[in-house]
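To start, the structure itself, in structure tokens.
Nothing fancy with the numbering, it's 1 onward along the sequence.
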Amino acid sequence: MKSDKIRQLTTFYSLPKKQQKAIMLLFSGEMNQGEVANNVGISRTTISAWKQKEIFRQAQDEYNRFMLRDLTSEAIMTMRELLDARSEMVRFSAAKDILDRSMNDAQIRKAEAEADIAESKAKLLRGGKDNRQVKTDEYLEGLKAILKDE
């Protein structure tokens with residue numbers, strides 16, 4: 001188990017002890033940057049300089065992912081439960097968050113385009129065909145062509 005942790009935190013453990021401590025304190029969220037600096041025994045500008053370095057940011061991301069790994073399934077279950085909430089806004093927010101995290105940019109663009117198509121079709125069903133509808137039909141055909149290319 002310990003070797004697994006070390007393997008997952010390779011970059012983190014490659015940093016000096018003070019940088020490791022700073023990353024751990026920053027993750028906890030209980031201290032601001034100045035308080036972290038005081039606790040580690042460095043200046044606030046040193047923390048800022050560290051945060052500009054790629055290796056520090058990489059180690060921080062690595063540590064954050066490792067610490068959050070065990071909470072992910074619990075968080076997903078909570079989001080799932082929120083889909084059944086009484087509040088429409090809570091249900092919408094939960095659904096949007098789940099979709100945002102599960103879809104890549106191309107899938108999001110495609111879903112938005114499909115939603116635009118469905119909305120335009122619904123508007124067309126409510127009214128007669130006029131110049132706007134002809135333009136809408138042309139727009140829809142263009143969107144369909146774009147979606148086929150993705």
query = If you look only at pairs with a residue in residues 75-100, which of them pass as a ring-ring contact (aromatic ring centres under 6.0 Å, His included), with sequence neighbours excluded?
reply = none

request  = Just grab all the ring-ring contact (aromatic ring centres under 6.0 Å, His included) pairs involving residues 38-58, residues at least two apart or on different chains.
outcome  = Trp50-Phe56

Quick one: salt bridge (Lys or Arg N to Asp or Glu O under 4.0 Å) partners of [X], sequence neighbours excluded?
X: Lys17; value: none
X: Glu54; value: Arg57
X: Asp61; value: none

query = Would you say the side-chain atoms of Glu35 pair up with the backbone N or O of Asn32, donor to acceptor, closer than 3.5 Å?
reply = yes

ask   = So how far is it from Leu9 CG to Glu62 CD, rounded to the nearest 0.5 Å?
value = 5.0 Å

Please list, chain by chain and in numerical order, all residues satisfying side chain to side chain contact (heavy atoms under 4.5 Å, CB included) with [X], sequence neighbours excluded.
X: Asp97; answer: Met79, Arg101
X: Thr45; answer: Ser43
X: Gln33; answer: Arg44, Ile47, Ser48, Lys51

request  = Any salt bridge (charged side-chain N to carboxylate O under 4.0 Å, His left out) involving residues 82-94? Give me the pairs, sequence neighbours left out, ordered by first then second residue.
outcome  = Arg80-Asp84

ask   = Taking all non-hydrogen atoms of both residues, which atom of Ile42 and which atom of Lys18 are closest, and how far apart?
value = CG2-CD, 4.1 Å

Please tabulate, one pair per line, all N/O donor-acceptor pairs under 3.5 Å involving side-chain atoms of residues 20-30, not counting sequence neighbours.
unit_1, atom_1, unit_2, atom_2, d
Gln20, NE2, Phe12, O, 3.4
Gln20, NE2, Tyr13, O, 3.4
Gln20, NE2, Leu15, O, 2.8
Lys21, NZ, Asn39, OD1, 3.1
Ser28, OG, Leu25, O, 2.8
Ser28, OG, Glu30, N, 3.4

inquiry  = Quick check: do Ser14 and Ile55 have side-chain heavy atoms less than 4.5 Å from each other?
reply    = yes

